[in-house]
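Following: one structure in structure tokens, then a few remarks.
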Protein chains: 2
Amino acid sequence: MGPAIGSDLPASTEGLRRRNTSLVLRSLRQQGPATRAELAKRTGLAKATVGVIVGGLAEAAAVDEADSVPGGRGRPGRPVTLTGRGLLGLGLELNVDYVSAVLLDLGGRVRLSETRPATDAARLPALLELARDVVRREPAGRLVGAMVAVPGLVRGDDRSVAWTPNLDATGLAADVEAALDGRCGVSVGNDANCAAYAESHHGAATGVAHALYLTGTVGIGAGIVSDGRLQRGSTGFAGEVGHMPIGDSTALCGCGRRGCWEASVGLHAMLTAVGLPELATPLRSAQAVAARASADPAVREALARLGQDVGLGLAVLANVLDPEVVVLGGYFVPLGEHVLAPARRSLDERLPSAAQRRPELRLSTLGMEAAALGAAELALEGVFSGDVPVT
Amino acid sequence: MGPAIGSDLPASTEGLRRRNTSLVLRSLRQQGPATRAELAKRTGLAKATVGVIVGGLAEAAAVDEADSVPGGRGRPGRPVTLTGRGLLGLGLELNVDYVSAVLLDLGGRVRLSETRPATDAARLPALLELARDVVRREPAGRLVGAMVAVPGLVRGDDRSVAWTPNLDATGLAADVEAALDGRCGVSVGNDANCAAYAESHHGAATGVAHALYLTGTVGIGAGIVSDGRLQRGSTGFAGEVGHMPIGDSTALCGCGRRGCWEASVGLHAMLTAVGLPELATPLRSAQAVAARASADPAVREALARLGQDVGLGLAVLANVLDPEVVVLGGYFVPLGEHVLAPARRSLDERLPSAAQRRPELRLSTLGMEAAALGAAELALEGVFSGDVPVT
DNA sequence: GACTTAAGTTCGAGTCTCGTACTTAATGGA
DNA sequence: TCCATTAAGTACGAGACTCGAACTTAAGTC
């Protein structure tokens, strides 16, 4: 009759423990270190239960116990901190002109991160070598999972890739799994989705449950975080906003149609509008434009028109999704307020009613490694959600 | 650090039982009646556990046991059916020109349903009286919850209403709660959201996990069901698609701006396009238009243009949300293929890549009571999700 | 140095799931 | 007709877990 809701796995008493363990972990992540007694109050669990759970977490090297801090009345508590030394998530990114890797621990600290340039046939070998290197350099701790971010359409199975521009990603998950000696499962994700997840955990939308991430390169892609979860859609292709019919309806898009949003606000449209050439990477191109903008009012003017179309598309997205924060990444970052300010204005003009407030527009703070970082965070997700046992 | 994910309530052993009970209930709802042994296979629970759980459900009059059906080898099983006589959800709708109520049991059967015309100051009293009547006529069974659907912006708390056109909904939840003698909690929901939920359980998108519902009256509203859950957004206003800048960018909207989608595809735009007058209700108006369309090619032509703009907006929504099925409700229903066919065409033209398939476009099958039915279904949700104990 | 306060642990009771063994109710062949 | 076979459902004990109460421990306070 109805669609599937909630987990469809039977819950055993061990599942119960996992659930409550995840409760403690999330409390430590969101509200910071706390004594067992405080944790009991925060989670609603009994003191005794928290004691057992923290014991298990300490054994798995997920938490560390600080010295007691005297000061108040009564026996002082010993604060428990989520350091997560023992549990690691690996995030990888396979992109058109580079590969990168981020090794993240459960405490949210980046243990290692590296980006290497790579193109064409050298790409996949470079990624596999990078993965091997990173894992080899940090032998301590258990690798909980790994995820590869790819600029393309990833199916709902989190493994197979339906379509990628300019690069081949068939068999990617299996290749990476082999490179890691099968130390953990490997999944594949869309780069915008991964970056969106990263922004909602480490970046400009940290702690925001409803966030939208927009990345600008040659194409335009979005990642949707709703209620803290990534929205994937029925086939995994949600957030493919580049070809929405928005902006200049006569603009010719790379896809052959007219009026796609990215034909108005993609990298090429921006460069044509300001009259500057494309450089080696989108980021370099945008930096050059930003540098020119401070001197040339015509460039600023062109960027303002671009920003207006950005705002127009964001108005659509805001009306549909009602996000709290919108993060702009990719080539938008160097352009900063040149695009943000007019985007805010056209967004304001397009908000439906007085009751609705404008979502906050922010710039990404994570740089090139946003996608890999988000992939790592997603690799660790199972622990925080209680799906993966800590012990 | 990160946003809240998953339930933040501690899980006790009773919670475990609720969870597994909900597992059995969902299996019965989705896959139909089954013997205890079959249920054990379907859910992954032990036979003994299923036995205990079914016992509890039978005691609460949630399931009924049929006679054993011989035929195969071995002892025949006794199929357990989800009749849900004992557990009821009440759905109400407060609309501009009518109020309605649906009393639904856990088995998904509509026990009672009624719609009464009401306007202006008589609206709220009519709703309260209707609620009292309906509950009085079905005294057996436990009322698990009630929900009121309202055409307006409902905040994330599921109680307070931020904005409604042409009607007052302040204190609505409390008033209904009082009318029901506090027999159950009452929440408030957006009518498009409720209707969307109804379509994904009883209507044209039954069993579809990613569905989009679009209602057409004077305004245009959407309800988003993603992974079986309603998407509400950060403030509860997700799906307010009427004022997206789509369609004829010069069309003047009731909100004072130009280019809103509903200025192109709302009821008034449609009537102006075909040159027919507005009747008492949107449905009547649309029926008159449909009647005229079969004779008048100019009307068909106008509806085709309208359908094109409908498809344009759906293309945007499909790109963002990737739904499996889109259900059109409200005034679109009488117009049927006059609008659907051109909408499908313009949607096809706008799909980004070969990898992506077009979502199926269907007409709502639920009629006037869609919203109230969905509200009732939502009132029962807590039982299926395991949040509300059955006993 | 005794008292107070609060953190953390120990322990027994209660609840739940699970696997195994058992009972029950049908079929099918001798 | 009777008995083996098959499969559904139940009874029961083991194991895991949470919880509250009692207890121990480590500080500050009088």
Side-chain angles (χ1 to χ4, degrees), chain A residues 7-24 27-28 33-59 63-81 386 389-391, chain B residues 7-24 27-28 33-59 63-81 386 389-391:
Chain A
S7 161
D8 283 5
L9 294 168
S12 57
T13 51
E14 293 105 63
L16 225 182
R17 165 60 58 88
R18 279 211 305 277
R19 224 176 118 78
N20 284 333
T21 301
S22 91
L23 204 66
V24 171
S27 173
L28 287 171
T35 65
R36 289 163 171 75
E38 275 169 34
L39 281 172
K41 261 184 223 143
R42 283 179 356 187
T43 59
L45 294 165
K47 268 199 302 176
T49 309
V50 172
V52 180
I53 287 175
V54 169
L57 288 174
E59 207 171 335
V63 300
D64 279 313
E65 219 164 340
D67 282 337
S68 60
V69 186
R73 304 176 67 82
R75 172 176 171 178
R78 321 190 65 206
V80 175
T81 317
V390 173
T391 40
Chain B
S7 160
D8 284 5
L9 294 169
S12 57
T13 50
E14 293 105 61
L16 225 179
R17 165 60 56 89
R18 279 210 306 275
R19 223 177 117 79
N20 285 332
T21 302
S22 90
L23 206 65
V24 170
S27 173
L28 286 171
T35 64
R36 289 165 173 73
E38 275 169 34
L39 281 173
K41 262 185 221 140
R42 288 187 341 195
T43 59
L45 293 165
K47 268 200 301 176
T49 309
V50 172
V52 180
I53 287 175
V54 168
L57 288 175
E59 206 171 338
V63 300
D64 278 313
E65 219 162 341
D67 282 338
S68 60
V69 186
R73 303 177 69 81
R75 171 177 170 179
R78 322 191 65 206
V80 175
T81 316
V390 174
T391 40

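Just so we're on the same page: letters track the sequence lines, and every chain starts at 1. Please read all numbers here as calculations on a predicted model, not as lab measurements.
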Quiz item: Which comes earlier along DNA chain D counting from the 5' end, the contact point of A:Arg17 or that of A:Ser68, where each point is its nearest nucleotide?
Solution: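 Result of the comparison: A:Arg17.
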
Quiz prompt | Earlier contact from the 5' end, DNA chain D, for B:Gly74 and A:Gly74 | solution =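 Its nearest nucleotide lies further toward 5', so the answer is B:Gly74.
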
Quiz item: Quick one, which residues of residues 39-46 of chain A touch DNA chain D with a heavy atom under 4.0 Å?
Solution: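 Hits under 4.0 Å, by residue number: A:Leu45, A:Ala46.
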
Is there side-chain contact between [X] and [Y], with at least one heavy-atom pair below 4.5 Å?
X: B:Leu9; Y: A:Leu23; value: no
X: B:Leu45; Y: B:Asn20; value: yes
X: A:Leu16; Y: B:Thr13; value: yes
X: A:Thr81; Y: A:Val63; value: no
X: B:Thr43; Y: A:Pro10; value: no

Quiz prompt | Whichever of B:Ile53 and A:Arg73 has its nearest DNA chain C nucleotide further upstream toward 5' | solution =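 The residue mapped nearer the 5' terminus is A:Arg73.
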
Not counting sequence neighbours, which residues clear side chain to side chain contact (heavy atoms under 4.5 Å, CB included) with [X]? List them please.
X: A:Arg78; result: A:Glu65, A:Asp67, A:Ser68
X: B:Ala34; result: B:Glu38, B:Leu39, B:Arg42
X: B:Ala40; result: B:Lys47, B:Val50

Could you list all N or O pairs between the protein and nucleotides 8-12 of chain C that sit under 3.5 Å apart?
from	atom 1	to	atom 2	distance (Å)
C:dG8	OP1	A:Arg78	N	2.6
C:dG8	OP2	A:Arg36	N	3.0
C:dG8	OP2	A:Ala37	N	3.0
C:dG8	N7	A:Lys47	NZ	2.6
C:dG8	O6	A:Lys47	NZ	3.1
C:dT9	OP2	A:Arg36	NE	3.3

Which residues satisfy the side chain to side chain donor-acceptor pair (under 3.5 Å) test with [X], sequence neighbours excluded?
X: A:Thr21; answer: none
X: A:Glu59; answer: none
X: A:Glu14; answer: none

Whole angstroms only, please: what is the [atom1]-[atom2] distance between [X] and [N]?
X: B:Leu16; N: C:dC18; atom1: CG; atom2: C1'; result: 12 Å
X: B:Arg18; N: C:dT15; atom1: CZ; atom2: C1'; result: 13 Å
X: A:Arg19; N: C:dT17; atom1: CZ; atom2: C1'; result: 16 Å

Quiz item: OP1 or OP2 of C:dT17 less than 4.0 angstrom from a side-chain nitrogen or oxygen of B:Asn20, does that happen here?
Solution: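 Yes, because at least one side-chain N or O of B:Asn20 sits under 4.0 Å from OP1 or OP2 of C:dT17.
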
Quiz item: Along DNA chain D, 5' to 3', what are the outermost nucleotides having an atom less than 4.0 Å from a heavy atom of chain B?
Solution: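 Listing 5' to 3', DNA chain D meets chain B from D:dT6 to D:dT18.
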
